[in-house]
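Below is one structure, written out as structure tokens; the observations come after it.
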Number of protein chains: 2
Amino acid sequence: MITLTEENYIKAIYHLGKQGVNNVSTNTVAKEMETKASSVTDMIKKLSEKGYADYKKYKGVSLTSKGRSVAIGIIRKHRLWEVFLVDKLNFSWDEIHEVAEQLEHIKSDKLIKQLDAFLDFPTHDPHGDPIPDATGYMTSIDKILLSQAPVGDTFICVGVQDSSSEFLKYLDKNKIALGTAFKILYKEPFDNSVTILVNNKELIISNMIANNLFVKKS
Amino acid sequence: MITLTEENYIKAIYHLGKQGVNNVSTNTVAKEMETKASSVTDMIKKLSEKGYADYKKYKGVSLTSKGRSVAIGIIRKHRLWEVFLVDKLNFSWDEIHEVAEQLEHIKSDKLIKQLDAFLDFPTHDPHGDPIPDATGYMTSIDKILLSQAPVGDTFICVGVQDSSSEFLKYLDKNKIALGTAFKILYKEPFDNSVTILVNNKELIISNMIANNLFVKKS
DNA sequence: ATATATTTTTAGGTTAATCTAAAAATTATT
DNA sequence: AATAATTTTTAGATTAACCTAAAAATATAT
Ligand SMILES: [Mn+2]
Ligand SMILES: [Mn+2]
Ligand SMILES: [Mn+2]
Ligand SMILES: [Mn+2]
């Protein structure tokens, strides 16, 4: 039996250390979980005892393959529910994360299997993140950050790094969505801002924005 | 802030004492919650302090109007999710209760509002129980137990008292579903069994079954 | 009305998840 | 290499939800 809190820690370790393979420091987990380092120490001891994590004192924590498969299962549920909320219940992409944080903990194999089928086996969530299939396999489209993309080429938006409501609303306001195509006209060396041509209009994007938008060459 | 456990106690008190109006004894709640009487005493003190329940030592517990509206909200969610599972995800009516027990605690006003619309504002769940609307109003069809229905008349099945998987599977096996019509041919005084004509076949139903099937005159 | 049985509450403990404060280990700086 | 700063762990408390066992109240039976 695994508790909701344990699931959330496992997910955090997965996201912080490249799919849970890299060691993550106690403080890093504490920040992500909005809790204190001492609480994290307690919990990663427990996760380690239960076989979900590898932990050596003062050396940080990583996931075992058992822990990794738990993490992937939760992520699968999170992203499928996000698709449900957008595709079926008309939520916008900036309203879904908090609800999915709750729904991802519902335990029922049949539920997630049927939901997957009902949604027609989506491969990506509304933020462009890949949805692991029932076996844990994830298709990774090769995407780069807009800040890393060269001037002159044409790209399409395929994902976001930050999926906070604020950032997503900024994109909405500027009519940038997944699938939107644009051309990189100019990169200002002084502040690393990027001028793009999108929807037949020039738009200047700050480095911070460019650092949170995933694109791929079109 | 209300915890999941508090919600479950409130729901239990609601179901045990006619919509939470009647006083319910500590032991009754303990049995329903599969816990000990001492734990119940602790919890109903807390519910009372938080304004969800009225409690006097040794006198049992009932719900305040605040508690009642919490209960109705949870029941609304439970039943809407049950409709979702059956109508959209192809669950059968005997597989949904446990999942709905989890889903009923998801907190999002928009979610339940949109789900209601997505399901086309259903008024009854797959077991024939009424679904409270957003204001808490519930339509109650006047139904009686098959065991109370007179011989000779024709009835349709409109609900179940017991919604355990075992009972529901029995009904499936005998091709009895919500909306199924039948005629009461005979009631055996010795064991109170009931002979009905259903799907053009005679079927003898034990008193226990007849005590768990709601019908209405057709 | 008294004794017996049952129900309910209280007292005191446990576990999971958190916290603060202090100690120990590690890392960075002179 | 020694000292200072930072990170991590330990020790000891707290809270929610539960438990057992004993005490108190209520209900039932003689
Ligand atoms: Mn999300
Ligand atoms: Mn997402
Ligand atoms: Mn149910
Ligand atoms: Mn139901």
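- Looking at A/Thr41, its side chain has no donor and acceptor atom pair within 3.5 Å of the base of D/dT10.
- Nucleic acid contact class of B/Thr35 (heavy atoms, under 4.0 Å, all strands): sugar-phosphate only.
- For A/Met33 and C/dT18, the CE to P distance is 6 Å, given to the nearest whole Å.
- Counting non-hydrogen atoms under 4.0 angstrom, A/Ser39 reaches a base of the nucleic acid.
- A straight line from CD1 of B/Ile44 to P of C/dT10 spans 10 Å, rounded to a whole angstrom.
- Listed pair A/Tyr55 / D/dT9 meets the phosphate criterion, a side-chain N or O lying under 4.0 Å from OP1 or OP2.
- One can place NZ of A/Lys45 at 10 Å from C1' of D/dT8, the figure rounded to the nearest angstrom.
- Residue B/Lys36 contributes atom NZ, which lies 16 Å from atom P of C/dT9 at whole-angstrom precision.
- Following rounding to the nearest Å, A/Glu49 (CD) and C/dA16 (C1') show an atom-to-atom distance of 13 Å.
- Remark: aromatic rings of A/His78 and A/His97 are close, center separation under 6.0 Å.
- Checking the phosphate oxygens (OP1, OP2) of C/dT26, no side-chain nitrogen or oxygen of A/Lys57 falls inside 4.0 Å.
- A side-chain donor from one of A/Ser164 and A/Asp162 sits under 3.5 Å from a side-chain acceptor of the other.
- In this structure, A/Tyr58 atom OH and D/dT8 atom C1' are separated by 5 Å, rounded to whole Å.
- Within the cation-pi definition used here (under 6.0 Å to the ring centroid, within 45° of the axis), A/Lys88 qualifies as a partner of A/Phe118.
- The distance from atom CG of B/Leu47 to atom C1' of D/dA16 is 13 Å, rounded to the nearest whole Å.
- Annotation: of the two residues near DNA chain C, A/Lys59 and B/Ser38, the 5′-most nearest-nucleotide partner is B/Ser38.
- Between A/Asn27 and D/dT8, a side-chain N or O to OP1/OP2 separation shorter than 4.0 Å is present.
- A 6.0 Å sphere centred on CD1 of A/Ile204 holds no more than 12 heavy atoms belonging to other residues, nucleotides or ligands.
- Atom NZ of A/Lys31 and atom P of D/dT8 are 9 Å apart (whole Å).
- A cation-pi geometry, defined here as NZ or CZ lying under 6.0 Å from the six-membered ring centre and within 45° of its normal, holds between A/Lys110 and B/Phe91.
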